[in-house]
Amino acid sequence: MKFTRLVSKTLRADPPEAETAAHRLMLRGGLIYQVAAGVYAYLPLAWRSLRKIENIIREEMNAAGGQELMMPALQPLELWEQTNRRAAFGDNMFSLQDRRGRAMVLAPTHEEVITSIVRANVQSYRDLPVVLYQIQTKFRDELRPRAGLVRVREFTMKDAYSFHADDASLDESYQAMAQAYRNIYRRCGLPVLMAEADSGAIGGKDSHEFILPTSTGEDTVITCPGCGYTANAEKAAGRFPDLAPEPAQPLQAVKTPGIKTIAALAEFLSIPESRTLKAVLYTADDELVFATLRGDLEVNEVKLKNALHCRTLRLATDEELKAAGLVAGFASPIGITGVKRVGDPSITSGSSFVAGANQPDTHLRGASYPRDFQVDLLADIALAQPGHGCPRCDRVLESTRGVEVGHIFKLGTYFSETLGALHLDREGQQKPIIMGCYGIGVGRLLAAAIEQNHDDKGMVFPAPIAPYQVHLVGLNLSDAAVAQAAGQLYRDLWAAGIETLYDDRPDPTAGVKLNDADLLGMPVRLVVSPRNLRNGAVEVKGRREAAANMVPLDQVVSHLAARLAAEG
RNA sequence: CGGGGCGUAGCGCAGCGGCUAGCGCGCCACGUUCGGGACGUGGAGGUCGGAGGUUCGAAUCCUCUCGCCCCGACCA
């Protein structure tokens, strides 16, 4: 590709709206063009890279036994009502009407359609297992798109779906997919963490997220430096620090004027936060829920939602609290009735907590479970935090920010049951097909790769996903000998199958061209200039290398072919 | 949906009631330069997001509306 034909313009200055490095660099390098909030065009440089990522994914999916297919993005809403996922997605789903007034959606994902396809084509355990996958556009009307390609409303996603007669077969595919994912990330130059994840509203057993650690990430991963335990914040379990034993005390009221937060309470009474009880009120499917845990812990809403088996969960409003006779800031599990009470195990391991009194400006000392209060449900609802103990060993947990670049699930039989995708087993019994699903956001993977691989001058593409392998720079092209040599080298490189971007612009000075080469970040830079040419040589420099070396002009092509082959 | 901010040339911005709407970058022409974002001269480029209103006169004031960015809740 000749630079003078390239549509992308590089920007000299950073675009002010871009917060993350990847977003900034993709705009500066002319990789993406924003069409609407969370809707981007992929310009030629980005598209070449995205195609390479897709092909890596394709190769690994095929190697893992996947068959590629294509499904419509436009789907009848009715299909989503059958699985109850219209409500689950809510306003996140783009919906529209066709000319006859039929309700349609732009699909956010494809479990419904793939299950319908398999229902029509699989009747027997003999037809199983199968793994199908697609790489295509999906739509989600996100509340807030952000960070360039990381959270967008129209995106390319690879989704694979597996179908099985039994759990052992699902396990096998799940492991194969997990390995395929590791291969994909390795080939894209991404050191990812595989984290245990919550399997979400649909249920199912295992689920793992693949997280690329980066300070600008949206997700939090909890890791253990000792045993390798890795889980996302929603899923992670932690052992909270135990309390020193304390003799039981009688329940006793204490005046706490205006003390409404745990921090203020602990300070006012000169006790650690872990000696208080925290009360958090939620509305779960229109029912008021009273959650209690130790004061130094936070509620993990995903765990709470799972424990309650509810569909929606949100903090209760002040009005709802008043209606239930509760006093905000002084709510207490002691003596409360008419509300569902959920307790975290942390409240059972100590005694003599300070709790609310359900009266203004008053708390109670000496509260002990179960002497002074009980709960309807005792379940782990605490957020694991750095400093807590690892649930698998005796070390202390750490936390890392990251971007989710893949997610695999054991779905189970939810879709096959709601859509009637059944098969006959060996005994002639009709059974729902067992499913798994495995997703990777392609554009997000590119953004993550750039976020992970850049320096202060620009992008540093990992070779397997670089738009071009070589960035050939001609300096001082008004010199006929330079123009001739560079042009010939460009043709020779392509003839040798080496993808080359040739900066053939006649006017920009050396500084402009070299800075653009650094910004765009192809793995190898070649410089043809009068100075180099006088020595019959071309300068060869890896993007990650500080120094260049000189290679005789007539050996450049073979030198590069060997070098690129060695780098894979 | 809550909070904050912004829409003026391809990009970034200034102008916020009174000359023909301006600056930087970029772009075009000519010349000088030529290894880390050069310089000179001349030029092209604008429904001032949209609609309505106030006014002799609106980019500027008022109302409505559309879009975009950032923080939060939601999510791949």
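Chain A is the first sequence line, chain B the second, and so forth, proteins listed ahead of strands; every chain is numbered from 1.
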Applying ring-ring contact (aromatic ring centres under 6.0 Å, His included), can you list everything that pairs with [X], at least two apart in sequence or on another chain?
| X | answer |
| --- | --- |
| A:His454 | none |
| A:Tyr181 | A:Phe210 |
| A:Tyr174 | A:His208 |

Under a 3.5 Å cut-off for both distances, is [N] Watson-Crick or wobble paired, and to whom?
| N | result |
| --- | --- |
| B:C61 | B:G53 |
| B:G40 | B:C30 |
| B:G67 | B:C6 |
| B:C16 | none |
| B:U47 | none |
| B:C1 | B:G72 |

Going by side chain to side chain contact (heavy atoms under 4.5 Å, CB included), name the residues that satisfy it together with A:Met550, two or more places apart in sequence or in a different chain.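 So A:Met550 forms a side chain to side chain contact (heavy atoms under 4.5 Å, CB included) with A:Asn532, A:Ala537, A:Glu539.
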Could you tell me which residues satisfy side chain to side chain contact (heavy atoms under 4.5 Å, CB included) with A:Gln488, sequence neighbours excluded, listed by chain and number? A:Gln484, A:Arg491, A:Asp492
Would you kindly give the [atom1]-to-[atom2] distance between [X] and [N], to the nearest whole Å?
| X | N | atom1 | atom2 | value |
| --- | --- | --- | --- | --- |
| A:Arg153 | B:C74 | CZ | C1' | 14 Å |
| A:Tyr40 | B:C68 | OH | P | 11 Å |
| A:Arg24 | B:C11 | CZ | C1' | 17 Å |
| A:Leu514 | B:G35 | CG | P | 10 Å |
| A:Asp503 | B:G36 | CG | P | 15 Å |
| A:Tyr33 | B:G10 | OH | P | 11 Å |
| A:Asn476 | B:A38 | CG | P | 14 Å |
| A:Leu472 | B:G35 | CG | C1' | 15 Å |

N/O donor-acceptor pair, side chain A:Asp518 with base B:G36, under 3.5 angstrom: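 Answer is yes: a donor-acceptor pair is held.
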With the threshold set at 4.0 Å, does a side-chain nitrogen-carboxylate oxygen contact exist between A:Arg505 and A:Asp507? no
Note: A:Arg401-A:Glu451 ion pair, threshold 4.0 Å (strictly below):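 Salt bridge flag = no for A:Glu451 with A:Arg401.
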Indicate, with a heavy-atom threshold strictly under 4.0 Å, whether [X] touches base, sugar-phosphate, or nothing.
| X | answer |
| --- | --- |
| A:Gln34 | sugar-phosphate |
| A:Val403 | nothing |
| A:Lys457 | base |
| A:Ala37 | sugar-phosphate |
| A:Asp91 | nothing |
| A:Thr109 | nothing |

Set of side chain to side chain donor-acceptor pair (under 3.5 Å) partners for A:Asp518, sequence neighbours left out: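 Counting only residues at least two positions away or on another chain, A:Asp518 forms no side chain to side chain donor-acceptor pair (under 3.5 Å).
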For A:Lys541, the side chain to side chain donor-acceptor pair (under 3.5 Å) test, sequence neighbours excluded, returns none
Please give the distance between the [atom1] atoms of [N] and [M] as a whole number of Å.
| N | M | atom1 | result |
| --- | --- | --- | --- |
| B:C6 | B:C74 | P | 29 Å |
| B:C48 | B:G7 | C1' | 10 Å |
| B:C30 | B:G22 | P | 27 Å |
| B:A59 | B:A9 | P | 14 Å |
| B:A58 | B:G49 | C1' | 16 Å |
| B:U47 | B:C11 | P | 12 Å |
| B:G2 | B:C61 | P | 25 Å |
| B:C25 | B:G18 | P | 28 Å |

Suppose the criterion is ring-ring contact (aromatic ring centres under 6.0 Å, His included): which pairs have a residue in residues 501-550 of chain A, not counting sequence neighbours? A:Tyr490-A:Tyr502
Contact check, side chains of [X] and [Y], non-hydrogen atoms, under 4.5 Å:
| X | Y | answer |
| --- | --- | --- |
| A:Phe3 | A:Leu520 | yes |
| A:Ser173 | A:Val131 | yes |
| A:Thr500 | A:Tyr468 | no |

Phosphate OP1/OP2 of B:A38: any A:Thr509 side-chain N/O under 4.0 Å: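 Yes, because at least one side-chain N or O of A:Thr509 sits under 4.0 Å from OP1 or OP2 of B:A38.
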Can you check nucleotides 22-28 of chain B for protein contacts, nitrogen or oxygen pairs under 3.5 Å, and list what you find?
| from | atom 1 | to | atom 2 | distance (Å) |
| --- | --- | --- | --- | --- |
| B:C25 | O3' | A:Arg12 | NH1 | 3.2 |
| B:G26 | OP1 | A:Arg12 | NH1 | 3.3 |

Please identify each residue that fulfils salt bridge (charged side-chain N to carboxylate O under 4.0 Å, His left out) with A:Asp14, with sequence neighbours left out. A:Arg24, A:Arg28
Identify, residue by residue, the members of residues 524-536 of chain A with a heavy atom below 4.0 Å from RNA chain B, and return them in order of residue number, or none. A:Arg525, A:Val527, A:Ser529, A:Arg531, A:Asn532
Side chain of A:Asn515 only, please: which of B:G36, B:G12, B:C74 is the nearest?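 Out of B:G36, B:G12, B:C74, the nucleotide with an atom closest to A:Asn515's side chain is B:G36.
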Along RNA chain B (nearest heavy atom to each residue), the more 5'-positioned of A:Arg140 and A:Arg505: A:Arg505
Let me know, please, whether A:Gly406 or A:Met550 comes out on the 5' side of the other along RNA chain B by nearest nucleotide.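 Comparing both residues, the 5'-ward one is A:Met550.
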Under the 3.5 angstrom rule, does the side chain of A:Ser162 hit a backbone N or O of A:Leu132 as a donor-acceptor pair?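 Side chain of A:Ser162 to backbone of A:Leu132: no pair is present.
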So which protein nitrogen or oxygen atoms get under 3.5 Å of nucleotides 70-73 of chain B's nitrogens or oxygens?
| from | atom 1 | to | atom 2 | distance (Å) |
| --- | --- | --- | --- | --- |
| B:C71 | OP2 | A:Arg144 | NH1 | 2.9 |
| B:C71 | OP2 | A:Arg144 | NH2 | 2.4 |

